[in-house]
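Working notes, beginning with the structure itself.
Atom set for the values below is all heavy atoms of this structure, side chains included, hydrogens, waters and symmetry mates excluded. Bear in mind the structure is a predicted one, so any value in this text is a computation, not a measurement.
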Amino acid sequence: NLVRSFCNLVNALSNPDTCPRLNDDFEAFKKYCDKLFVFCLTWSLGGALDSTGMLRFDSQLSTDLDMELPKGSLYGCFVNSSKKGGEYVTWESIQEEFVYNSEMSYFQILVPTVDTVRFEQLLRYNISIKNPTFITGYTGVGKSVIISNTLNKMKESENLFPIYMTFSAQTSSLETQNSIFGKLDSKRKDVFGGPGTKKVALMVDDVNMPACEVYGAQPPVELLRQLVDAGGFYERNKYFWKSIKNFNLVCAAGPAGGGRNEMTPRFLRHFQVLNVTDPTQETLHKIFSSILGGFLEGFSDKVKKLVDPAVYSTIEIYQTVTKNLKPTPSKFHYVYNLRDVSKVFQGIMMARVVSTKEQLSKLWLHECLRVFQDRLVCEEDRNWLQDSLIETGRNHFEVAWKKEDLVPGTLVFSNLTSNYQEVKDKEKLELFLKNKIDEYNIKNKQKLEIAIFDQVLIHVLRITRVL
């Protein structure tokens with residue numbers, strides 16, 4: 001599989017239709033081939049490694065290879081074929097500038113980083129030669145966003161027709177087959193493809209989620225393996241063959257564990273496997289400072305200056321929590337990932353009126369309590385987290401919170417009665433909920449008899465925040 005991945009990358013980068021170096025003289029072409037060899041060897045043999053493995057592989061390969069190598073990391077550049085003999089160019093040189101769009105959904109925002117640029121480019125290489133690609137990595141690193149963003153960009157430029165699917169533990173092979181054929185056009189009785197002359201790109205997220213049957217196989221995954229092996233499926237009722245023409249398969253999945261299953265080698269042998277490593281602290285700061293800075297652009301200067309404190313403090317709390325609050329048999333849900341960091345900023349961006357440092361710091365504190373504290377099950381853990389938040393607020397926001405400020409129900413934000421803001425008049429909110437219950441009871445025969453007190457109010461606000 002690794003050798004095939006190497007050969008496929010060489011094939012993609014030496015395509016006569018796109019590579020102008022094939023007509024160079026021998027010496028210039030040899031220099032280009034040397035650079036091409038280094039790049040393809042790095043990403044075929046070392047593309048599926050974790051961050052530690054990449055560092056070790058980079059160091060060993062740089063020592064063993066007796067040819068021109070790029071300055072810095074082998075993973076930090078690609079080969080530009082527009083210059084005679086080729087040249088190493090850093091990924092940063094083709095990285096686009098991020099422009100915040102307030103009309104865009106929070107989940108669609110993608111801040112370009114070195115990781116997004118290089119995995120997008122590698123995905124393009126594989127799609128250009130119809131080579132299946134499997135992208136893995138821990139939850140929250142951006143696998144699905146990178147793939148969907150790349151396929152959307154290629155819709156027009158590469159005449160691509162993307163199909164998106166997400167597997168779950170209940171996904172069946174019949175459901176998968178019907179879903180695929182339902183989105184394709186029939187060219188002939190037994191031949192299917194994309195609309196017109198478009199090439200099909202089937203993107204399957206969480207591909208290792210389907211439950212295993214009695215013999216250990218995953219029927220939806222085996223169906224995809226048949227699609228790659230034979231180029232189609234059998235019709236389930238009349239048992240004739242249906243071919244799918246001009247398609248490519250792109251899959252994404254996290255590591256096995258927590259409901260995810262090991263992928264069979266018979267399936268993985270078809271793919272180039274790439275691992276999206278956890279972003280560094282500098283990368284995390286760039287991502288979230290770009291998003292939060294764009295959101296706060298229309299706010300006062302006092303508030304805009306708090307972008308860095310908010311980002312650094314959130315990353316610090318996340319790293320502290322993941323280091324100290326480990327999952328145990330009685331606390332198996334103490335599992336945090338980068339999506340939790342993202343949820344803090346998503347909550348901050350729900351606010352529409354923030355004019356002072358105190359308001360933003362309180363908003364940040366509230367979102368951290370909702371994201372991190374609401375998962376904790378014992379008073380000891382909650383006290384530890386509250387102490388950490390107080391210390392972080394003192395170091396980054398220069399505010400002196402007290403333990404009383406963090407007691408559940410003391411600091412509450414809501415958007416039930418107005419914009420997302422701090423609730424200072426709980427009686428007004430309680431009256432609002434009672435009126436809603438009365439409205440429901442008037443319209444429905446089945447009456448709701450709910451007493452509204454502080455704990456009910458707090459839980460309702462937590463639920464509405466998520467919804």
Evaluation steps, ring pair (Phe, Tyr, Trp, His ring centres under 6.0 Å), between Y318 and Y336: CA-CA 8 Å; Y318 165 71; Y336 295 92; 7.7 Å; no
Answer yes or no: does atom [atom1] of [X] have more than 12 heavy-atom neighbours from other residues, nucleotides or ligands under 6.0 Å?
X: K245; atom1: NZ; answer: no
X: F432; atom1: CZ; answer: yes
X: R188; atom1: CZ; answer: no
X: K443; atom1: NZ; answer: no
X: E380; atom1: CD; answer: no
X: K187; atom1: NZ; answer: yes
X: E262; atom1: CD; answer: no
X: Y100; atom1: OH; answer: yes

Full working for side-chain hydrogen bond (donor to acceptor under 3.5 Å, both in side chains) between S51 and D278: CA-CA 8 Å; S51 53; D278 288 338; over 6 Å; no
With distance as the sole test, does [X] use its side chain to make a donor-acceptor pair with the main-chain N or O of [Y] at under 3.5 Å?
X: R56; Y: G53; result: no
X: K155; Y: L151; result: no
X: K143; Y: V276; result: no
X: N444; Y: N441; result: no

side-chain hydrogen bond (donor to acceptor under 3.5 Å, both in side chains) between D229 and H270, intermediate numbers included: CA-CA 8 Å; D229 272 333; H270 293 289; 2.7 Å; yes
Given L65, T63, D58, the one that forms side chain to side chain contact (heavy atoms under 4.5 Å, CB included) with L61: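 So, applying the side chain to side chain contact (heavy atoms under 4.5 Å, CB included) to L61 and each of L65, T63, D58, only L65 qualifies.
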How far apart are the closest heavy atoms of [X] and [Y], and which atoms are they?
X: F271; Y: L249; result: CZ-CD2, 3.6 Å
X: C251; Y: I147; result: O-CD1, 4.1 Å
X: D206; Y: T166; result: OD2-CG2, 4.0 Å
X: W91; Y: V114; result: CB-CG1, 4.1 Å

[atom2] on [Y] to [atom1] on [X], rounded to 0.5 Å:
X: L160; Y: N152; atom1: CG; atom2: CG; value: 9.5 Å
X: L49; Y: T277; atom1: CG; atom2: OG1; value: 10.5 Å
X: R382; Y: D387; atom1: CZ; atom2: CG; value: 13.5 Å
X: Y138; Y: T136; atom1: OH; atom2: OG1; value: 8.5 Å
X: L385; Y: R375; atom1: CG; atom2: CZ; value: 11.5 Å
X: S144; Y: N149; atom1: OG; atom2: CG; value: 12.0 Å

Are a donor atom and an acceptor atom from the side chains of [X] and [Y] found within less than 3.5 Å of each other?
X: S14; Y: Y32; result: no
X: D308; Y: H285; result: yes
X: S82; Y: N80; result: yes

Can you say whether the rings of [X] and [Y] are parallel (under 30°), tilted (30 to 60°) or perpendicular (over 60°)?
X: Y75; Y: F57; result: tilted
X: H366; Y: F413; result: tilted
X: F288; Y: F345; result: parallel
X: Y312; Y: H396; result: parallel

Can we say [X] and [Y] salt-bridge, meaning some charged N sits less than 4.0 Å from an Asp/Glu carboxylate O?
X: R370; Y: E367; result: no
X: E158; Y: K153; result: no
X: E120; Y: R124; result: yes

Derivation of the side-chain contact (heavy atoms from CB on, under 4.5 Å) call for N8 and Q272: CA-CA 9 Å; N8 285 327; Q272 177 174 5; 5.8 Å; no
Step-by-step side-chain contact (heavy atoms from CB on, under 4.5 Å) determination, M209 to R260: CA-CA 5 Å; M209 284 294 290; R260 298 184 178 90; 3.5 Å; yes
Worked check of side-chain contact (heavy atoms from CB on, under 4.5 Å) between R462 and I458: CA-CA 6 Å; R462 286 173 178 172; I458 292 170; 3.6 Å; yes
Step-by-step side-chain contact (heavy atoms from CB on, under 4.5 Å) determination, W384 to L325: CA-CA 10 Å; W384 175 86; L325 297 180; 3.8 Å; yes
